[in-house]
Protein chains: 2
Amino acid sequence: MLSKSSTYAIRAVLFLSLNSDDEKKFNPKSIAEIIDIPAPFLAKTLQELTKRNIISSRKGRNGGFYLTDADRLNTMISIVAAIDGLEKFQGCSLGLPVCDSENPCPIHHLVAPLRNKLVGELTNKTIASFTKEIKEGHTHLF
Amino acid sequence: MLSKSSTYAIRAVLFLSLNSDDEKKFNPKSIAEIIDIPAPFLAKTLQELTKRNIISSRKGRNGGFYLTDADRLNTMISIVAAIDGLEKFQGCSLGLPVCDSENPCPIHHLVAPLRNKLVGELTNKTIASFTKEIKEGHTHLF
DNA sequence: AAGTAAAAAGATAATAATATCTTTTTATAT
DNA sequence: ATATAAAAAGATATTATTATCTTTTTACTT
């Protein structure tokens, strides 16, 4: 469904959303230790997210990765799109050249609604709203 | 969602379900040509399905792969389970060590119902019922 | 202005998934 | 019995994903 890279990205972004701001930044190594994922790999992932303006970073002394309130308005799907791309959510799930609701493959009617639901929710919901869920104790990161 | 191997397997099995029986068998090369997937790769896939008694084969002259009526009663999930395993449909979608409906990760409530629905449908439906859908023109393989 | 801490970039390595090719074994038709 | 056609098994190759390490650039602090 989601690649490891994407799950790492989501976990790191939500961690930063919960714990960082303009004045409290984190370097990739410490994030990696805290959420228990490989550090150099995470660094690349965060760089990509920074390049796409989904999260913020500052170089040099006292620098690090962090989220601004503006960053927190980005959608969850933008994280997945930046890391994995959205191709895997498009096109026929059986790999047929022709497959749509008019000419469905054998699993089209089974997979398409689920996939649309998932992409839809991730498109509608922001990082902020997922963060709120965690803060209120409805979901968790650890 | 499904690996390429699994999609190849599903397409090949449904093709055999539509076109083969005890007296009409297909070798992997001709199946591969017809449904347009890599032949040697398919051979391995079909061998695995045979070993798991999901499809049938006969060696030697006039041999090949085919489906019996009994084979057609296998579930669709058994194909996926044989090729990919079901691990990817279990466990936390974010990779957290603890994640269930009591202690959900941020995307648990989003992904779990969809995943359960997909696995459920593939568990309930047989190869025969998918074949029927194709025969009646409701879905297609090409 | 100089030193430094950290991101950014780039090079390399390991692993897993996908794909191909070759050899061996088997069943059956003749 | 023998030849043969095809599955089965195994060895090899390629590609994509995941992981690690090193160097360079940047900007802040003193």
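All chains are named by letter (A, B, ...) in the order of the sequence lines, taking the proteins before the strands, and each is independently numbered beginning at 1.
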For nucleotides 19-24 of chain D, list the nitrogen or oxygen atoms of the protein found under 3.5 Å from its nitrogen or oxygen atoms, one pair per line.
residue	atom	partner	partner atom	Å
dA19(D)	OP2	Tyr8(A)	OH	3.2

Shortest non-hydrogen contact from Asn53(A) toward Asn74(A): O-ND2, 3.5 Å
Closest non-hydrogen atom pair, Ala9(A) against Leu49(A): CB-CD1, 4.1 Å
Please report, rounded to the nearest Å, how far the [atom2] atom of [N] is from the [atom1] atom of [X].
{"X": "Asp84(A)", "N": "dA16(D)", "atom1": "CG", "atom2": "P", "value": "15 Å"}
{"X": "Lys25(A)", "N": "dA8(C)", "atom1": "NZ", "atom2": "P", "value": "12 Å"}
{"X": "Phe26(B)", "N": "dA7(D)", "atom1": "CZ", "atom2": "C1'", "value": "16 Å"}
{"X": "Ile83(B)", "N": "dA16(C)", "atom1": "CD1", "atom2": "P", "value": "19 Å"}
{"X": "Leu2(A)", "N": "dT18(D)", "atom1": "CG", "atom2": "P", "value": "11 Å"}
{"X": "Leu16(A)", "N": "dA7(C)", "atom1": "CG", "atom2": "P", "value": "11 Å"}

Residues touching DNA chain C, which here means a heavy atom under 4.0 Å, drawn from residues 45-57 of chain A: Gln47(A), Thr50(A), Ser57(A)
Residues Asp21(B) and Lys24(B) bridged, charged N to O under 4.0 Å: no
Glu121(B) with Lys117(B): basic N within carboxylate O range, under 4.0 Å: yes
Tell me whether [X] at atom [atom1] has more than 12 heavy atoms from other residues, nucleotides or ligands lying less than 6.0 Å away.
{"X": "Lys88(A)", "atom1": "NZ", "answer": "yes"}
{"X": "Asp36(B)", "atom1": "CG", "answer": "no"}
{"X": "Asp22(B)", "atom1": "CG", "answer": "yes"}

Touch class at under 4.0 angstrom, heavy-atom based, for Tyr66(B) against every strand present: nothing
Set of residues satisfying side-chain hydrogen bond (donor to acceptor under 3.5 Å, both in side chains) with respect to Thr75(B), sequence neighbours excluded: none
Qualifying ring-ring contact (aromatic ring centres under 6.0 Å, His included) pairs with a residue from residues 6-38 of chain B, counting only residues at least two apart or across chains: Tyr8(B)-Phe41(B), Phe15(B)-Phe26(B)
Student check: side-chain heavy atoms of Leu118(A) and Met1(A) closer than 4.5 Å: yes
N/O donor-acceptor pairs under 3.5 Å from side chains in residues 127-136 of chain A, not counting sequence neighbours:
residue	atom	partner	partner atom	Å
Ser129(A)	OG	Thr126(A)	N	3.4
Ser129(A)	OG	Thr126(A)	O	3.0
Thr131(A)	OG1	Ser17(A)	OG	2.6
Thr131(A)	OG1	Ile127(A)	O	2.7
Lys132(A)	NZ	Glu136(A)	OE2	3.4
Glu136(A)	OE1	His138(A)	ND1	3.3

Contacts under 3.5 Å, N or O only, protein and nucleotides 27-30 of chain C:
residue	atom	partner	partner atom	Å
dT28(C)	OP1	Arg58(B)	NE	3.3

